[in-house]
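Reviewing the structure listed below.
Only heavy atoms go into these numbers, but all of them, side chains included; no hydrogens, no water, no symmetry mates. This is a predicted model, so every value here is computed, not measured. Quick note on labels: first sequence line is chain A, next is B, and so on, each numbered from 1.
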Protein chains: 2
Amino acid sequence: MTAAEQEYIKQIYTGIADGHLPMQTYMLAELVGAKPASATDMVKKLTLKGLLNYRKNHGFSLTESGEQVALQIIRRHRLWELFLTENLKIDWKQVHAMANELQSINSDLLVNNLEAYLGYPVYDPHGEVIPDAKGHLPQTERMEIYDLKVNQGATVTGFRDSGSAFLAYIEKLGLLIGVRIQVTSLIEYNHSVEIAISQVSSFIITKETAQKIYVTINE
Amino acid sequence: MTAAEQEYIKQIYTGIADGHLPMQTYMLAELVGAKPASATDMVKKLTLKGLLNYRKNHGFSLTESGEQVALQIIRRHRLWELFLTENLKIDWKQVHAMANELQSINSDLLVNNLEAYLGYPVYDPHGEVIPDAKGHLPQTERMEIYDLKVNQGATVTGFRDSGSAFLAYIEKLGLLIGVRIQVTSLIEYNHSVEIAISQVSSFIITKETAQKIYVTINE
DNA sequence: TTATATAATTAGACAAGACTAATTTTATAA
DNA sequence: TTATAAAATTAGTCTTGTCTAATTATATAA
Ligand SMILES: [Mn+2]
Ligand SMILES: [Mn+2]
Ligand SMILES: [Mn+2]
Ligand SMILES: [Mn+2]
C-alpha cells in the first residue's frame with residue numbers, strides 16, 4: 001500500500017470512530033487535506049481493493065479487512081509518536097506530523113521491535129490507545145468532558161485532536177493528561193462548559209473543546 | 001526533495017566516493033535499481049535544481065550544494081541504521097533496507113535529537129562514518145584488505161557494501177568489525193588474497209571482496 | 001411537487017517517476 | 001578513416017495522486 005492510501009484509510013477509521021458513519025466524501029477530503037474529487041478517486045480505488053464498502057453518492061465504511069489494515073497503520077503511527085516524545089524528547093505538539101511520515105513504513109519486524117523497546121505501551125502521548133500486533137485495541141471506559149454532570153470530578157486522560165494548535169491551547173489551559181478537573185457549571189446558551197482545576201483556576205471551554213477531551217471519572 | 005531524488009543523490013555521492021568520477025548514467029541506474037532512461041530524466045532534473053554538474057553524454061558530479069545535500073541524507077540513513085541495530089536489535093543485514101525508507105524524513109529536529117539519543121556516534125553498524133549536523137565527515141585513515149602487504153596484520157573496521165547477501169557472506173567468514181586478520185599470501189593469478197584470522201582459520205577471498213573490507217593497520 | 005443548496009461524481013489536465021523502443025553519441029578497434 | 005559496440009538520450013506510454021471546471025444526484029424547504 002502506498003503512503004497516500006494508508007493515510008486515507010487511517011482518516012476513514014478515525015473519522016468513523018469520531019461518529020461519522022457512514023463516512024462522506026467531503027468529510028474525508030477535509031480530513032486528508034485534499035479536494036472531494038481526489039477523495040472520490042481514492043475511495044473507488046480502495047473499494048476495488050476490498051477495503052471499503054461504498055455506495056455511490058451515499059458514503060462508505062471500512063470492510064473487516066479495511067479495519068484491520070487501519071488498525072495496523074494507527075498502531076505504527078502511535079508507537080512512533082510515543083518514541084518521539086519519550087525517547088527523542090520531541091514536543092508532543094510536533095510528533096503527530098512526524099509520525100505521519102513514519103507510519104507508512106510497514107515492517108512487522110520494525111514495528112514489533114519498536115513496541116518491545118517502548119515496553120508494550122497502551123497509550124500514546126495524546127492519550128490515544130495503541131492497537132496490539134493483532135490489531136486489538138485495549139478496552140478503556142472513558143468519556144468526554146462534555147458528558148460530565150455538574151460537580152462531577154474527573155481526570156484528563158487524552159485528546160481526540162492531535163493538531164498542534166489544539167494541543168497548544170490545551171497546554172495553555174493546563175489541561176494535561178493526569179490533571180484532575182471538575183465541572184462547575186454548564187452554560188445553557190451555547191452548551192459551553194465551565195471547569196475548575198484543583199479548586200484553583202476556573203474557566204469556560206466551548207462545546208467543541210469539551211468534546212475533544214477524554215476524561216475518566218474519579219472513584 | 002522527494003524520496004526518489006534523495007536516493008539518487010545519495011547513490012551519486014557514494015558512487016563517486018567509491019571511485020566513479022565522473023558518475024555515468026548506466027552506473028547510477030544500476031545503483032538505484034532503475035533503467036538508464038530513468039536515470040537520465042532524474043539527472044536532468046537534479047541539474048536544474050543546481051545539485052549536479054552535468055555534461056550531456058559525458059557524466060556528472062555533485063556541485064558543492066549537491067554534496068552538502070548528500071551528506072545530510074547519508075547522515076540520516078546511517079543514524080537510523082545504528083538505531084535499528086543498537087536499540088531495536090534488528091539484524092545488521094536488514095537495517096540498510098529499512099534505513100532507505102527512513103532516510104527521506106528530513107527534519108533537523110528529528111535527526112539531531114536522534115543523534116543525541118544515540119550518543120553522537122561516529123560509525124554506523126557497517127563501520128561507515130556518520131556525517132555530523134554540519135555535514136562534516138570524521139576523518140579516519142583506513143585502507144582496504146586489498147591494499148595490505150603479505151604478513152601485514154590489521155583489524156577489520158567496516159564494509160563498503162551493506163547489501164544483505166554480502167553481509168551474510170562476511171558473517172559466514174567471521175570477518176566482523178574488530179576481528180584481527182593477517183594477509184598470508186597474494187594470489188598472482190587473479191589477485192585474490194589469502195587471509196588468516198587469529199592464526200586459526202585461513203581462507204581466500206576475491207579481489208572484489210578484498211576491496212570491500214576496510215581495515216586499520218595494527219600498531 | 002418543485003426549486004435550491006449541498007454533496008458527489010466525471011472529464012480532462014498535470015507533475016513525478018518509472019518503463020520500452022528507437023535513435024544518437026562516443027570511444028575504440030580494425 | 002571507418003565500422004562497431006557501449007552508453008546515453010529521446011519519444012512516447014503508464015500509474016499514482018492531485019487539481020479545476022462542469023455536471024449530476026440527493027435531500028430539504030417552500
Ligand atoms: Mn497522531
Ligand atoms: Mn496521538
Ligand atoms: Mn546503508
Ligand atoms: Mn551502513
Exercise. Which part of the nucleic acid, if any, lies within reach of B/F60 when heavy atoms closer than 4.0 Å are counted: base, sugar-phosphate only, or nothing?
Worked result: nothing
Exercise. What do the steps show when you test A/K93 against A/D91 for salt bridge (Lys or Arg N to Asp or Glu O under 4.0 Å), and what is the final call?
Worked result: CA-CA 5 Å; A/K93 297 190 293 301; A/D91 193 288; 3.0 Å; yes
Under a 3.5 Å threshold, yes or no: a donor from one side chain and an acceptor from the other, between [X] and [Y]?
| X | Y | result |
| --- | --- | --- |
| A/H96 | A/H77 | yes |
| B/E7 | B/Q11 | yes |
| A/E101 | A/W80 | no |

From [atom1] of [X] over to [atom2] of [N], roughly how many Å is that when rounded to an integer?
| X | N | atom1 | atom2 | result |
| --- | --- | --- | --- | --- |
| B/Q6 | C/dA16 | CD | P | 15 Å |
| A/R55 | C/dT9 | CZ | P | 11 Å |
| B/E30 | C/dA18 | CD | C1' | 18 Å |
| A/M27 | C/dT6 | CE | C1' | 15 Å |
| A/E5 | D/dT18 | CD | C1' | 14 Å |
| A/D41 | D/dC19 | CG | P | 10 Å |
| A/L28 | C/dA8 | CG | P | 10 Å |
| B/Q24 | C/dT26 | CD | C1' | 11 Å |

Exercise. With sequence neighbours left out, which residue pairs that include part of residues 15-30 of chain B fulfil the salt bridge (Lys or Arg N to Asp or Glu O under 4.0 Å) condition?
Worked result: B/D18-B/R160
Exercise. Is any side-chain nitrogen or oxygen of B/Y8 closer than 4.0 Å to OP1 or OP2 of C/dA16?
Worked result: no
Problem set entry | A/H58 side chain near C/dA8 phosphate (N/O to OP1/OP2, under 4.0 Å) |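 For C/dA8, OP1/OP2 do not have a side-chain N/O of A/H58 under 4.0 Å.
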Problem set entry | Contact residues, residues 12-23 of chain B to DNA chain C [heavy atom, < 4.0 Å] |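 Going residue by residue through residues 12-23 of chain B, none turns out to have a heavy atom under 4.0 Å of DNA chain C.
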Exercise. When you measure from every atom of DNA chain C, which of residues 31-40 of chain A have a heavy atom less than 4.0 Å away?
Worked result: A/P36, A/A37, A/T40
Exercise. On DNA chain D, nearest-nucleotide positions of A/K56 versus A/M42: which is more 5'?
Worked result: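 In this pair, the answer is A/M42.
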For this session: Please figure out whether B/K44 or A/N57 has its closest DNA chain D nucleotide nearer the 5' end.
Result: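 In this pair, the answer is B/K44.
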Problem set entry | Chi angles and distances behind the side-chain hydrogen bond (donor to acceptor under 3.5 Å, both in side chains) call for A/Q103, A/R75 | CA-CA 8 Å; A/Q103 72 188 6; A/R75 167 174 162 79; over 6 Å; no
Problem set entry | Axial cation check for B/F166 ring with B/K212, 6.0 Å and 45° limits | yes
Seminar exercise, completed: From the candidates D/dA8, C/dA18, C/dT9, the one with an atom nearest any side-chain atom of B/Y54 is D/dA8
Exercise. Could you walk me through whether A/T209 and A/V193 pass the side chain to side chain contact (heavy atoms under 4.5 Å, CB included) check?
Worked result: CA-CA 9 Å; A/T209 300; A/V193 180; over 6 Å; no
For this session: Would you give the length of the straight line joining atom CG of A/L46 to atom CD of A/E5, rounded to the nearest 0.5 angstrom?
Result: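 Output value for this atom pair is 5.5 Å.
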